[in-house]
Each structure stands twice: as structure tokens, then as C-alpha cells.
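To find a chain, count down the sequence lines: A is the first, B the second, and so on, and within it residues start at 1. Below, each value reflects all heavy atoms present in this structure, side chains not excepted, and no hydrogens, waters or symmetry copies.
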There are 2 protein chains.
Amino acid sequence: MSMDDVFKALADPMRRRLLDDLHARNGQTLGALCEGRGMTRQAVTKHLAILQAANLIATEKRGREKLHYLNPVPIHDIADRWIGKYERGRLDALATLKRDLEGQTDD
Amino acid sequence: MSMDDVFKALADPMRRRLLDDLHARNGQTLGALCEGRGMTRQAVTKHLAILQAANLIATEKRGREKLHYLNPVPIHDIADRWIGKYERGRLDALATLKRDLEGQTDD
DNA sequence: TGCAAAGGCAACTAGAAGGTTGCATATAAG
DNA sequence: CTTATATGCAACCTTCTAGTTGCCTTTGCA
């Protein structure tokens with residue numbers, strides 16, 4: 001639930017894909033989220049557990065199925081508290097970069 | 001330089017602290033960035049290498065010193081291309097959550 | 001020239017992360 | 001009741017990651 005948990009959860013491409021899939025269609029079952037992923041169900045379960053620990057998804061048990069719902073709030077919080085900080089000074093920082101690194105390759 | 005590199009680079013709290021420090025004072029030397037961090041110079045060097053590989057910082061050699069500059073562009077790109085996607089539908093998703101999870105604890 | 005300061009390189013280690021397999025549990029359907 | 005479906009739990013393995021230590025190179029300066 002900490003900011004670090006959210007960053008770590010977002011670090012894995014498979015977990016970002018899971019969030020993307022839930023963004024496209026919310027409330028999917030575990031089985032649905034496992035399809036076409038070239039990975040065992042247990043691996044996906046672990047990823048979902050990490051996403052849930054970071055409060056990025058919430059789950060609901062319906063009968064024998066488990067439904068998964070995207071929670072965009074922590075992502076918003078990160079954008080707000082951390083990324084925003086770098087964007088506010090963006091133009092200034094870019095100008096500084098240009099001045100200080102004049103002539104360097106843009107690798 | 002890929003989006004995955006940026007996410008992975010941002011996943012480590014020490015690397016985020018390094019970016020914070022460069023955000024507060026740009027153009028610091030390696031030695032300066034090592035101070036008060038309870039970690040060897042080589043460990044910090046590795047973190048900086050990862051940040052540079054993700055294009056989050058740029059470096060310049062000045063004499064025997066190495067200066068480090070923050071590059072906020074990849075962070076902006078992430079906020080724009082990926083995080084923005086989740087924020088646009090934020091209110092809708094929140095409403096869906098509330099409806100679907102009515103009565104659940106907000107852990 | 002000689003020494004100290006700033007940094008680079010490489011090998012090694014401990015622990016975390018991502019994945020698998022095997023089996024157990026709970027619900028739906030016939 | 002029996003069987004199939006959907007998911008949970010736990011041990012294990014392998015790879016990556018973060019950190020260390022030890023030594024080498026380059027630059028500033030007396």
C-alpha cells in the first residue's frame with residue numbers, strides 16, 4: 001500500500017499487461033486473466049497478489065470465481081505526488097540540460 | 001531507454017532518492033551523490049548506471065569529476081502514455097469499484 | 001616527480017523475484 | 001453423490017539484483 005509497493009508492482013511488464021487488460025475489461029476472473037499469456041495460472045496468481053498488495057486491484061469472490069477490479073487511485077497518487085514534481089520544473093530542467101550538455105549525443 | 005527500463009529504474013527507492021537529490025540540485029558529482037547514503041561508492045555508481053541506461057540522467061566528465069544531470073523527459077513520457085490512460089477513466093472506474101465492491105473493506 | 005583525490009572495473013555473495021510442479025479445497029452441474 | 005471447474009497453498013528451482021571488496025586508472029596539485 002506504500003508508494004514503494006506501487007512502484008515495484010509497476011516494474012514488471014506482465015503486471016502492467018494485467019492492469020491493461022483490466023483497464024480494457026474490468027471484473028475479469030482469474031481464469032480469463034490467465035489466457036494467452038504463456039504462463040501458468042499460479043504465476044499469474046502471484047502477480048495479481050502483488051498488484052493487490054499494492055492496492056492496484058481489488059478482488060471479489062463470486063461463487064467459485066474470483067473477480068478482479070482495477071483501482072486507479074494509487075497510480076493517480078504517484079502521478080500526482082512524485083511524477084508531477086518532475087514535470088513542473090520540466091522546461092527549466094530541459095533548458096539546463098541543453099546548456100550543460102551542449103554537443104553531447106542524446107543516447 | 002525503453003519504457004520498461006524506466007519503470008524498472010524507478011522501482012528502487014535509492015534510485016528515486018538519487019533523482020530527488022538531482023532534482024533539488026542538478027549537476028552533482030559522484031562523490032557528492034554518495035554522501036549520507038550509508039552505501040559504498042560502487043553501489044551508487046551502479047544505481048546511476050541504471051538511471052543513465054533508462055535515460056533518466058545524463059553525465060558529463062569535467063576533469064577528474066563526473067557531473068550528473070536529471071532528464072525528466074522519460075518520466076513525462078510515462079506519465080503521458082501510460083499513467084494518463086488510467087487517469088482519463090478514473091472517475092468511471094471509481095464508480096464501478098464502488099458499485100462492485102460495496103461493503104468491502106478498503107484495505 | 002610524487003602523492004592524494006575522483007572515479008572505473010571485475011569478481012563474488014546474499015537475498016529477492018519470477019516461475020514451475022504437485023496436491024488440496026470449494027463450488028457448480030448432472 | 002459424483003465429477004468437473006475454478007481457485008488456493010506450499011515447496012522448490014533458477015535467475016536477477018543490490019550490495020560488497022579489492023585493485024587499477026586518471027587527474028589535480030605541491
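Contact check, Arg41(B) against dT20(D): no side-chain N or O comes under 4.0 Å of OP1 or OP2. Applying the 4.0 Å criterion to OP1 and OP2 of dT17(D), one finds that His47(B) has every side-chain N and O outside that range. Thr40(B) has no side-chain polar atom (N or O) that falls below the 4.0 Å cut-off from OP1 or OP2 of dG19(D). Phosphate proximity of dG8(D) to Lys66(A): present, with a side-chain N or O under 4.0 Å from OP1 or OP2.
Residue whose closest nucleotide on DNA chain C sits further toward the 5' end, between Met14(A) and Gly63(A): Met14(A). Closest-nucleotide positions on DNA chain C for Ala43(A) and Lys46(B) were compared, and the one nearer the 5' end corresponds to Lys46(B).
Per the geometry, NZ belonging to Lys61(B) stands 8 Å off C1' belonging to dT27(D), to the nearest Å. For the pair Glu35(B) CD and dA6(C) C1', the computed distance is 12 Å after rounding to whole Å.
Using a 4.0 Å heavy-atom criterion, one finds that Leu67(A) contacts no nucleic acid atom at all. Here Met39(B) lies in heavy-atom contact (under 4.0 Å) with sugar-phosphate atoms only.
Under the 30°/60° scheme for interplanar angles, the aromatic rings of Tyr86(A) and His23(B) are found to be tilted.
With respect to Lys85(B) and Asp80(B), no salt bridge is recorded, no charged nitrogen being found less than 4.0 Å from a carboxylate O. Look at Asp20(A) and Arg16(A) and you find no salt bridge, because none of the NZ, NE, NH1 or NH2 atoms lies under 4.0 Å from a carboxylate O.
Under a 3.5 Å cut-off, the side chain of Arg17(A) and the backbone N or O of Asp12(A) do not form any donor-acceptor pair.
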